[in-house]
Amino acid sequence: RVGRRVALTKPRVGDVHAIAAAYGVRDKKPLAVCEDIARRPGALRMMVKVLRLASMSAGDEAIGEADLRGAWDELQGVEPADGGDYV
């Protein structure tokens with residue numbers, strides 16, 4: 001297997017939606033959060049990390065906007081607003 005570095009300037013919206021759908025995210029607001037995260041440095045890799053953490057927070061429920069924002073904040077080192085844990 002040979003790896004080659006490829007610089008992607010911006011992920012495609014279809015790629016963002018496909019990855020989000022793999023985690024069960026299909027609603028408009030959570031998808032918008034995923035799109036916002038994918039526009040930042042680290043793009044799809046960071047979005048996948050957020051989705052993994054959000055899925056733990058959501059448990060058996062569908063991943064929602066609050067789960068995604070909480071996971072993003074936690075990965076960025078922001079303290080929870082309520083002083084509690086996200087997970």
Side-chain angles (χ1 to χ4, degrees):
R1 180 173 155 158
V2 176
R4 191 173 108 197
R5 181 175 220 136
V6 177
L8 300 174
T9 56
K10 184 170 107 176
R12 295 182 179 123
V13 173
D15 294 338
V16 172
H17 288 202
I19 293 169
Y23 284 86
V25 177
R26 290 179 179 80
D27 293 336
K28 197 173 196 174
K29 287 186 179 183
L31 278 174
V33 174
C34 289
E35 290 172 14
D36 183 51
I37 291 168
R39 284 188 207 102
R40 299 168 187 260
L44 297 177
R45 181 173 188 235
M46 184 55 77
M47 189 184 81
V48 169
K49 287 182 177 188
V50 168
L51 284 164
R52 284 182 186 155
L53 187 56
S55 69
M56 289 188 278
S57 177
D60 292 336
E61 302 293 321
I63 296 173
E65 181 181 8
D67 299 314
L68 292 167
R69 291 191 187 282
W72 173 257
D73 287 348
E74 187 170 337
L75 289 172
Q76 297 305 307
V78 176
E79 291 293 321
D82 63 2
D85 292 329
Y86 289 115
V87 181

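Quick caveat: nothing in here was measured; it's all calculated off a predicted structure. As a basis for the values below, the full set of heavy atoms in this structure was taken, side chains included, without hydrogen atoms, waters or symmetry mates.
- What you find for Glu65 and Pro30 is that their closest heavy atoms are N-CG, 3.8 Å.
- Residues Asp67 and Leu53 have side chains not in contact (no heavy-atom distance under 4.5 Å, counting atoms from C-beta outward).
- In terms of heavy-atom proximity, Ala38 sits nearest to Leu44 at CB-CD2, 4.4 Å.
- Contact detail for Leu31 and Arg26: the closest heavy-atom pair is CD1-O, 3.5 Å.
- When side chains are defined from C-beta on, Tyr23 counts as touching Val48, because their heavy atoms get closer than 4.5 Å.
- Listed here is the closest heavy atom pair of Met46 and Leu75: SD-CD1, 4.2 Å.
- Here the CE atom belonging to Met56 is positioned 10.0 Å from the CD1 atom belonging to Ile63, to the nearest 0.5 angstrom.
- Ion pairing between Asp36 and Arg40 holds under the 4.0 Å rule for side-chain N and carboxylate O.
- Surrounding CD of Glu61 are at most 12 heavy atoms belonging to other residues, nucleotides or ligands under 6.0 Å away.
- Taking CH2 of Trp72 as the start and CE of Met47 as the end, the distance is 11.5 Å to the nearest 0.5 Å.
- Residues Cys34 and Leu68 meet the side-chain proximity criterion, which asks for heavy atoms closer than 4.5 Å.
- Scanning for salt bridge (Lys or Arg N to Asp or Glu O under 4.0 Å) contacts around Asp27 gives an empty result, with sequence neighbours left out.
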